[in-house]
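Notes to accompany the following structure.
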Amino acid sequence: MDRLRSPFLIAAAFLGSCISALAQICPSPAVVNGTACTVSPGSNVIATPAGAIGLNASNIGGSITANGINVALPLASTVGGQAQSGASITFNNSTLATTATTTANSASQTGFRSSGATSLISMTGSSLTLGPPNGTTVANNMTGATAVGGGHLTLTNTNVTMLGGAGGLNNHALVSDGSGSSITVSGGTLLTRSRSSFGALAQGGGAIDLNGTSISTTGVGTVAIAGGHALFATGAGSTITGTGLTIGVSGNFSSPLRAEAGGSISLSSSTLSSSATSAADTDPAAGARATSGGSLSLTNVTIAMTGQRGTGVFVSDTGSSAALVDTNISTGVLSTRANGLHLLSGASASVTRGTIDSKGANAVLVDGGSSLTLTDATLQATGPVTSIGYGLRVIGGSTAVMNGGSSTTVGRDSPGIAASGGGRVTANGVTVRTSGIDNAMGVVADIDGQITFNGGSVTTTGEEVRSGARPHAFVARNPGGVLTSDGTVLSTSGTRAMGAVADDGGVLNLTRTRITTSGLSGIGIFTVTEQTGDQFAATTTATDLTISTSGELAHGVTSQSRNDIATPLAQTTVTNATIDTTGLNAVGLRAILGDYGTRPISGRGEARVTANDTIVTTTGAGAHGALSRDNPTSVTMNRTSVTTSGVAAHGSVAEAGGLIVGNQATVTATGANSAALFVIGAPGAVSNGNYTDSALTNASGPTIGVAGNGNVTLTRSTAGGSGEWLRVGQSTDFPLLLGHAPLTGVPELPDPDPGSPPPSAVSSPSAPPALPVVPGLANITLTNSTVIGSAFTAAGSVSNLTLIDSTWIMTGNSNITNLVNDPSLIQYTPPTGDPTLLASYKTLTVVNYKVSTARSV
């Protein structure tokens, strides 16, 4: 029996001794070393003299219970309570406050300090207020509560207020310093008012965990002195974690969150707001900032910024990182140069879902060799329509991958996605929308910028206001600007809002792309060169393409260069394409040169369009199927079908030295006075049309018309349909071709600063001068070909027709100036009317006729 009762008696004796110890009243001053005591509730503890400690517990077993008491700090360097070397202090429902009224007497005060491994200070329902009570007197180097050297602090529903005035310095609410040091906070508030004064500071490997806490800082910093960061983790291993926090910052040069030099901050289900400003884009007053190896992890966090350069999240330097999940960022209407997310100098970040909304600059800016991955994220630049705001901008050798999600902009000159300066973007299944004027383009690959856009869609609805600045869907411009797309839907509406543009060194590679444009000069694809130098050659290559345009001059495909300086080649190649245009003078395939007024003329550029296995349909007066104007330009159609239906909408046009080439092509013009091939030139600008294994058909007017100087060759081809297969004359013998001023390429994109003026307007080329009216001089060669209908040569004009192994089925009276028949068949159709009358028979009038085994029937 005694052996069974012995443990109980021992335990009871131990418990009794503990109760006796706890019942001990603390001495005055309250100092214990390895023992425990209690400060009587209602006591007033005054830490005096200077440097004194009000509650001082040391070593394991040292414990002070101080509930329902008041602690006063009247002098400099005093400490309200200290637990060191394993001791503990309990401070519940109690208050600590500075009673000093001067700067000198309040300097370097500390509310509580927990020092050494296993040391613990805990407080519930208490308040700590440091700084002269009037709140305006300057005080420096005060700390509300600190854990150092492995010490621990727990605060529950406790408020820490740091006064010290706006001119004070280094007045922190909580500091966890050193590896193993930790502070745990539940509920309560943290408030600081001074410069370089932080709500919670983890440094040297210290840790802080906050739950449901409200944090506010108002300290105003300078370029050289930090403001009031709410949470600040600095040094390797330093960590701050938080859940359900409400953080507000208003002092300039301040951040709600800042992690640097290896420190990390992880927040969830929290709200951050700031009206802070800063003086430099590279040193913004960010809502959350990681620098020099710091890291951020934000989940279900809301960040609202309203100050100038009030960036939402800023990550800079190699080794710095941020992971954002379901986090929403907004920069307010007062912000200028305030990015939603900014990566700089080798930083990295990932964004999963959430919305990033900037009203001041870029929703996302990736710069200086940084990298970013976005997954199902929503990017918005929604500032005033007069301001500039990019959606995603990647520059300075940086990379970004965007999977799903969207990018939307509404301001002037505001692209949805832009890359330049070595920037690389891959966008998979992304939706881009822009509605601003001028350069509010969907996707822009600028100088040495590369973008790969797979799937997804781009919609632009803006208008050209500033000359030459237009809201296109896709743009590749300047040397090294490369945009590659697969399976993307492009839609534009507005004046000169084009589908896809390659300009001055830009390269477009389009696969399975669908382009729809609506509006004046809403061209489907526009490839243009305007500067000298081989590096400015522009190229568009498109496969499995669909283009639908509507509007006056809304051409399907245009390549354009210059005829006043020696610009390089502008080349567009489409394969397996369907091109449909509707509108006055909306040409299907078009290659031209433009005169920008440079004098003296120093050379010419070159423009080419090549269509392979393509179907072209145009509807509208003057909406030609293909047009090549000036030399050297050309439109080549391989295994391509062209159908036009408007008045004077020719199937193909070679003008002022232009060249039309058809191989296994089918050209059908169904409108009134519409030729399948119309060639118009002058002595110094001879135009050419060459068809091989092709069929030319029309319903009204000549199937082939030559005005002025032109050459036509048909090889293994057919021409006819209207009853007149050839007409040769001067330009006034045909419907007038209207001349329109060429459009310029894409001007420089302006700096995304709402205060910056737009770039100067781009000088536009003038409309091409009308060709001189000269008599027709046509050289037509048919080889193994068949033509049906009459041929007419106007008075004063000359037609030189050579038939080689060909057939001419002549259905009406014809006249040719010089005819070479080598050897070919000229087949007269049966007489009409009374065969006894000469008028019933067809006649062929030739000035010079050279025969080589010819046949006439």
Side-chain angles (χ1 to χ4, degrees), residues 498-500 510 513-527 540 542-560 570-592 607-629 633-655 658-671 674-679 689 691 694-698 737-738 740 742-743:
M498 302 178 188
L510 310 177
T513 301
R514 189 171 72 206
I515 299 174
T516 302
T517 73
S518 174
L520 174 67
S521 296
I523 299 172
I525 292 177
F526 185 41
T527 306
T540 299
T543 304
D544 297 328
L545 174 73
T546 300
I547 295 177
S548 178
T549 70
S550 62
E552 183 178 355
L553 299 169
H555 312 301
V557 171
T558 292
S559 286
Q560 177 183 310
Q571 170 75 60
T572 306
T573 303
V574 298
T575 302
N576 293 329
T578 300
I579 300 171
D580 188 349
T581 73
T582 301
L584 180 66
N585 299 310
V587 177
L589 307 171
R590 184 169 174 262
I592 65 170
R608 299 178 194 161
V609 172
T610 301
N612 303 313
D613 304 296
T614 291
I615 299 173
V616 178
T617 304
T618 71
T619 302
H624 313 303
L627 181 143
S628 171
R629 188 180 71 216
T633 71
S634 64
V635 175
T636 300
M637 297 170 286
N638 300 317
R639 301 171 303 281
T640 290
S641 171
V642 174
T643 303
T644 67
S645 60
V647 174
H650 306 305
S652 55
V653 176
E655 180 183 6
L659 170 63
I660 293 290
V661 177
N663 297 303
Q664 299 181 48
T666 301
V667 179
T668 304
T670 65
S674 301
L677 170 62
F678 181 49
V679 178
Y691 280 93
S694 299
L696 307 181
T697 306
N698 75 320
L737 285 182
L738 298 180
H740 301 279
L743 299 177

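All values below come from the heavy atoms of this structure, side chains included, with hydrogens, waters and symmetry mates left out.
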To the nearest 0.5 Å, what is the distance between [atom1] on [X] and [atom2] on [Y]?
X      : Y      : atom1 : atom2 : result
Ile547 : Ile615 : CD1   : CD1   : 13.0 Å
Glu552 : Ser521 : CD    : OG    : 7.5 Å
Arg608 : Thr636 : CZ    : OG1   : 8.5 Å
Asp580 : Thr619 : CG    : OG1   : 6.0 Å

If we only count heavy atoms from C-beta on, is the [X] to [Y] side-chain gap below 4.5 Å?
X      : Y      : result
Leu553 : Leu743 : no
Leu737 : His624 : yes
Thr581 : Val587 : no
Thr670 : Ser645 : yes
Gln571 : Thr610 : yes
Ile515 : Leu545 : yes
Tyr691 : Ile660 : yes

Minimum heavy-atom distance between [X] and [Y], given as atom pair plus value:
X      : Y      : value
Ala623 : Ala586 : CB-O, 3.1 Å
Ala648 : Ser674 : N-OG, 3.2 Å
Gly651 : Ala669 : N-CB, 3.9 Å
Leu738 : Asn585 : CD1-ND2, 3.8 Å
Ala626 : Val635 : CB-CG1, 3.8 Å
Gly625 : Thr618 : CA-CG2, 4.1 Å

Exercise. Where the side chain of Thr540 meets the backbone of Thr527, is there a donor-acceptor pair that is under 3.5 Å apart?
Worked result: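 No; judged by distance alone, with no hydrogens or angles, the pair does not exist.
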Exercise. Are there more than 12 heavy atoms of other residues, nucleotides or ligands under 6.0 Å from atom CZ of Arg639?
Worked result: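 Count over threshold, so yes.
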For this session: Kindly write out the residues that satisfy side-chain contact (heavy atoms from CB on, under 4.5 Å) with Ala611, not counting sequence neighbours, or none if the list is empty.
Result: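 side-chain contact (heavy atoms from CB on, under 4.5 Å) check on Ala611 returns Val574, Leu589, Thr614, Thr640.
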Exercise. Are a donor atom and an acceptor atom from the side chains of Thr633 and Ser628 found within less than 3.5 Å of each other?
Worked result: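 Thr633 vs Ser628: donor-acceptor pair found between side chains.
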Exercise. Ile592 and side chain to side chain contact (heavy atoms under 4.5 Å, CB included): which partner among His740, His555, Arg629?
Worked result: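 For Ile592, the side chain to side chain contact (heavy atoms under 4.5 Å, CB included) test succeeds with only one of His740, His555, Arg629, which is Arg629.
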